[in-house]
Amino acid sequence: MTASIPTLPSQYDPSTTDAKWQTYWEENSVFKADPEHEGDPYCVVIPPPNVTGSLHMGHAFENTLIDLLVRYQRMRGRNTLWLPGTDHASIAVSAILDRELHAQNKTRRDIDRQDYLTRAWEWKEESGGTIVNQLRKLGVSVDWSRERFTMDEGLSTAVVTAFKRLYDEKLIYRGNYMVNWCPASQSAVSDIEVENKEVDGHLWHFRYPITDGSGYMEVATTRPETMLGDTAVAVNPADERYTHLVGKTVTLPIMNREIPIIADDYVDATFGTGCVKITPAHDPNDFEMGKRHNLSFINIMNKDGSLNENAGEFQGQDRFEARKNIVKRLDSDGFLVKIEDYKHSVPYSDRGKVPVEPLISTQWFVKIRPMADRALDFLDHHHEPVFVPERWTKVYRDWLVNLKDWCISRQLWWGHQIPAWYVISETDGEITDKTPFVVAANDVDAQAKAEAQFGTDIQLLQDPDVLDTWFSSGLWPFSTMGWPESTKDLDTYYPTTTLVTGFDIIFFWVARMTMMAGHFTGKMPFQSVYIHGLVRDENNKKMSKSSNNGIDPLILIRKYGTDALRYTLVREVAGAGQDIRLEYDRKTDESGSVEASRNFTNKLWNASRFVMMNLDGQTPEQLGHPDEAHLELSDRWILSRFHQVSRLVGTQLDQFGMGEAAKELYEFTWGDFCDWYIELVKSRMHQDSAPESRRVVQQTLAYVLDGILRLLHPFMPHITEEVWQTLNQITDGRVLALQRYPIADDALINPDLEKQFELLFGVIRTIRNLRAEAGVKPSMAIATILQSEQSAERTILTDGQVYIQDLAKVADLTISETAPTEKMFAGVCGTVQVLVPLAGVVDVDALRGKLEKDLGKIEAEIKSIGGRLNNPGFVTKAPEAVVQGARDTLAEAEKQAQILQDRLAQL
RNA sequence: GGACGUAUAGCUCAGUUGGUUAGAGCACCACGUUGACAUCGUGGGGGUCACUGGUUCGAGUCCAGUUACGUCCACCA
């Protein structure tokens, strides 16, 4: 399974490793959940991607975050389930099929529903797996045995059950109302599927003649074509300019229809002329006004956006073509006053990408207030669910408060057909607004139910419409686990623990789930909702299909490896919910930030390789826990750091601090472990070093490396699994993914020791700096004198003598209480004076320059701290510890200044 | 019109409840291939913390306001 250690290449190759472990984990059902598993349940349901989708950076980001959390919790011993699946995406699939049909010069209406659905399922079987297979390439630790699709039999049962119950509870109703109509998909859409776009349009001013010939009323509109359906002109009742006209009529141009002048508070007297044309059948505000004033509702439009028989000579024209022609006609008839440029927002259909048309039609609605109020109650009285970051709570809450009834019927075929059967025999074989209907779980029940009411001699027809895709998505957290049946999975894993998703989906999905779950399960479907930000492109622009600026995660995976991409996405996450930016060069497909992460994987690879080459073929288990009795200072130090970092990482991950944890691990692995510890112990690894010392180094290296692999596994699952298998010479099928996450052993955390090493490292850096300044070749060993008046410091230096010699290339190290007075390169670290005697080599000017530079810095500090300490307010009001800290710092700075001044004087 | 987010090094971003001289990665400069790694190592340069005012002994951090960019919601024809 794994390569033998001596043959490991010096460059990590993710391409084979990624695929190898993805296959292995899946084939061995490593992530299959078991309700009987010990530990507290930890469950996440995937935000189901559209079956029509292909993996974009947003998916990669979201699923990387989820996988990180899930793998972490699994390794913490939780009874973990991450449930995958896809969404049937009613409108998107319809659009694809319509395109296919269009290519054959057909439309949906040319084939029957059964054929259409057959094609749809065929498409789903062929192409629906794309996104799922791409998800696999991220290394997601989902339970594929529980994969769900929103149109699976079970989930469809859940949908029908939910619909029927809501209907029986009078929370679903059918009625004739104004809805958002998408002429592209020729279906109603819900309010949130409408996106308002700012466009540069025009404001057309027309004048309508007052019927009695006493003059004109000037109205303005952004939609001239709707004038054909005008049934009134409105003014504000308090507008004295027009009060004498209220009750009179105007004659609608072109149509020559006499329509009333009405007064309504809705009209803003200060806008334009203060007169508004009213088109009750084509504008939501006018619709309301039409109801208030009993106006007639004249629909002038067909479902495809062309004008109908009520549009007179304009019948058959597309709405935008008609607009031009109507303006032309009004102009030639002398009714056009002026055309102004006007910036305004136009409602566009989210999916259809065309302006939506407010249209009156008969649709099914969910009466939303009772459900929304239930969700609000959970939020206000139980603080459920908890949003991370917290600020999204307000967004979620405000939306629930203002929510209007939800239009759930779609005039499409792909989706869950509405389980309502019309007794069409009562209305001449047609479905009309008056046709009686029954709502039932299936056609057999419907038949029985209808017969009970209308006798046996009846004809039934199921409602042709399907349900809004979000209706089924709203049931996702529990329908996927078997609801409405009561199942072991529901029992164990529901409510789920955390939902990870984007803010753009709070309204579409999160709120629908909380409402549905509150209603049907009496519980919130998840304890917490982690809202992540967007991945922006290299120019900080939102990635979108329309701007064609997406960055393909699979390209980056191929170039740098899955773990590198995952790690990049995670480490960029700062505060939760912040957008992240991804560097990218579109010419070369290179990304600086992913490359940096790739370098990190390579660093880990080589450090591991080096460690393994020095273990004489022994595994961490064979070597045993680092032997307390023989630990040397550097071993104790790295163990202290390791446990410190384990603690920090655990704490961070427990509160969604994924980015912070990632950075912590990066610094520990690369900095503490590779740059310092491995370098510190290299001399002890040689075959000829003292056996006890060598053995404890092997133990410590193996132990810490094993720990690093565990800590990093949720972030970079593939490389860590690969190395861990090699390190532990696994032959029995064990996987790192199921090992325990390191838990900090506080007894091994030693802050004093870490401080001592800070001093040693500081001295080493100072010597290296002096060497560089003096131009000493890296290969040349030098003599160094370390002077400190403090015996404690001299003890630390003496204890770490070997480390200083090894890492600063010092052949002859002297540690003394007093300093010699010869000309030497000098620096300070804390109150330790570092002297490098370079007989005959010392460049006095270079030396003076360096000393003066150092001194300048220190004097600036002395001035700053001294100033503070001379301020009586600071000394009397600041906490004692802070004042003392300042005094200590000042004393040290003064000491450093003294040393440097003495050195300068000696030149 | 309302709400929210962001502004710190050339770039991407950290900076906990206010408390030493504001940090990291990338990029840049110098040196370097000693047996893990040049996808590397060592050292270095680089910041008026958007602006204005306030609170405080002390502000990148708290408060008020301003500006810029971004996002969401609601929209007057």
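Keep in mind the model is a prediction, meaning the values are calculated, not measured.
- Between G18(B) and U61(B), the two C1' atoms lie 6 Å apart (nearest whole Å).
- Arg694(A) has no carboxylate O lying under 4.0 Å from a charged side-chain N of Asp688(A), or vice versa, which leaves the two without a salt bridge.
- Residue contacts for Arg887(A): at a heavy-atom cut-off of 4.0 Å it reaches no nucleic acid atom on any strand shown.
- Between U17(B) and C26(B), the distance separating the two P atoms is 29 Å to the nearest Å.
- Among the atoms of the strands shown, none is found under 4.0 Å from any heavy atom of Ser593(A).
- For the P atoms, the distance from G45(B) to G25(B) is 14 Å, rounded to whole Å.
- Rounded to an integer number of Å, the gap from NZ of Lys277(A) to P of A77(B) is 12 Å.
- Comment: Glu660(A) does not engage Lys663(A) in a salt bridge, judged by the lack of any side-chain N to carboxylate O separation of less than 4.0 angstrom.
- Once rounded to the nearest 0.5 Å, the distance linking NE2 of His282(A) with CG of Leu228(A) reads 9.0 Å.
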For RNA chain B, the dot-bracket pattern of Watson-Crick and G-U pairs whose distances stay under 3.5 Å, | for other-strand partners: (((((((..((((.....[...)))).(((((.......))))).....(((((..]....))))))))))))....
Its contact letters, B for base, S for sugar-phosphate only and - for none at protein heavy atoms under 4.0 Å, make nucleotides 27-43 of chain B read -----S---BB-BSSSS
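- Side-chain nitrogen and oxygen atoms of Lys663(A) include none within less than 4.0 Å of the OP1 or OP2 phosphate oxygen of G15(B).
- The ring pair (Phe, Tyr, Trp, His ring centres under 6.0 Å) search around His293(A) returns none, not counting sequence neighbours.
- Residues Val267(A) and Lys857(A) each lie close to RNA chain B; by heavy-atom proximity, the contact nearer the 5' end of the strand is made by Lys857(A).
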Using the 3.5 Å cut-off, write out each protein N or O paired with an N or O of nucleotides 4-8 of chain B and the distance between them.
unit_1: G5(B); atom_1: O2'; unit_2: Gln578(A); atom_2: OE1; d: 3.1

What pairs of donor and acceptor atoms, side-chain ones from residues 882-892 of chain A against any protein atom, are under 3.5 angstrom apart with sequence neighbours left out?
unit_1: Gln884(A); atom_1: NE2; unit_2: Asp888(A); atom_2: OD1; d: 3.0
unit_1: Thr889(A); atom_1: OG1; unit_2: Gly885(A); atom_2: O; d: 2.7

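- As a whole-Å value, the separation of Phe668(A) CZ from A24(B) C1' is 18 Å.
- Here OG of Ser779(A) is found 7.0 Å from NZ of Lys809(A). Values are rounded to the nearest 0.5 Å.
- Within 4.0 Å of Tyr560(A), counting heavy atoms only, lies no atom of the nucleic acid at all.
- The distance between atom CD of Glu583(A) and atom C1' of C11(B), rounded to the nearest whole Å, is 7 Å.
- A donor-acceptor pair shorter than 3.5 Å can be found between the side chains of Asp230(A) and Tyr208(A).
- Within the 4.5 Å cutoff, the side chain of Leu653(A) has heavy atoms near those of the Met658(A) side chain.
- Annotation: of the two residues near RNA chain B, Phe503(A) and Thr221(A), the 5′-most nearest-nucleotide partner is Phe503(A).
- Remark: Arg566(A) fails to qualify as a cation-pi partner of Phe715(A) under the 6.0 Å distance and 45° angle criteria applied to the six-membered ring.
- When distances run from any side-chain atom of Lys853(A) to the nucleotides U71(B), G45(B), U20(B), the shortest one goes to G45(B).
- Under the 4.5 Å side-chain criterion, counting only non-hydrogen atoms from C-beta, Glu218(A) is not in contact with Phe206(A).
- For the pair Lys542(A) NZ and C69(B) P, the computed distance is 18 Å after rounding to whole Å.
- When the C1' atom is used for both G23(B) and C37(B), the distance is 26 Å, rounded to whole Å.
- For the P atom pair drawn from U39(B) and C28(B), the interatomic distance equals 14 Å after rounding to whole Å.
- Spacing between A59(B) and U20(B) at atom P, rounded to whole Å, works out to 12 Å.
- Taken from OG in Ser10(A) to CH2 in Trp605(A), the straight-line distance is 10.0 Å, to the nearest 0.5 Å.
- The side chain of Ala596(A) sits closest to G25(B) out of C13(B), G25(B), A77(B).
- Residues passing the side-chain hydrogen bond (donor to acceptor under 3.5 Å, both in side chains) test with Gln655(A): none are found, sequence neighbours excluded.
- Going from the P atom of A7(B) to that of G60(B) covers 15 Å, rounded to whole Å.
- At whole-Å resolution of the value, CH2 in Trp399(A) and P in A74(B) are 10 Å apart.
- Asp398(A) has its side chain out of reach of Leu400(A): every pair of non-hydrogen atoms, C-beta onward, lies at least 4.5 Å apart.
- Atom CD of Glu880(A) and atom P of G58(B) are 19 Å apart (whole Å).
- Within the nucleic acid shown, Pro879(A) comes within 4.0 Å of at least one base atom, counting heavy atoms only.
- To the nearest whole angstrom, the two C1' atoms, one in G53(B) and one in C11(B), are 32 Å apart.
- Between Lys559(A) and Asp589(A) no salt bridge is recorded (no basic side-chain N to carboxylate O distance below 4.0 Å).
- Taking atom CG on Asp888(A) and atom P on G19(B), their separation rounds to 18 Å, with Å as the unit.
- Within the nucleic acid shown, Ala878(A) comes within 4.0 Å of at least one base atom, counting heavy atoms only.
- C72(B) atom P lies 15 Å from atom CD1 of Ile531(A), rounded to whole Å.
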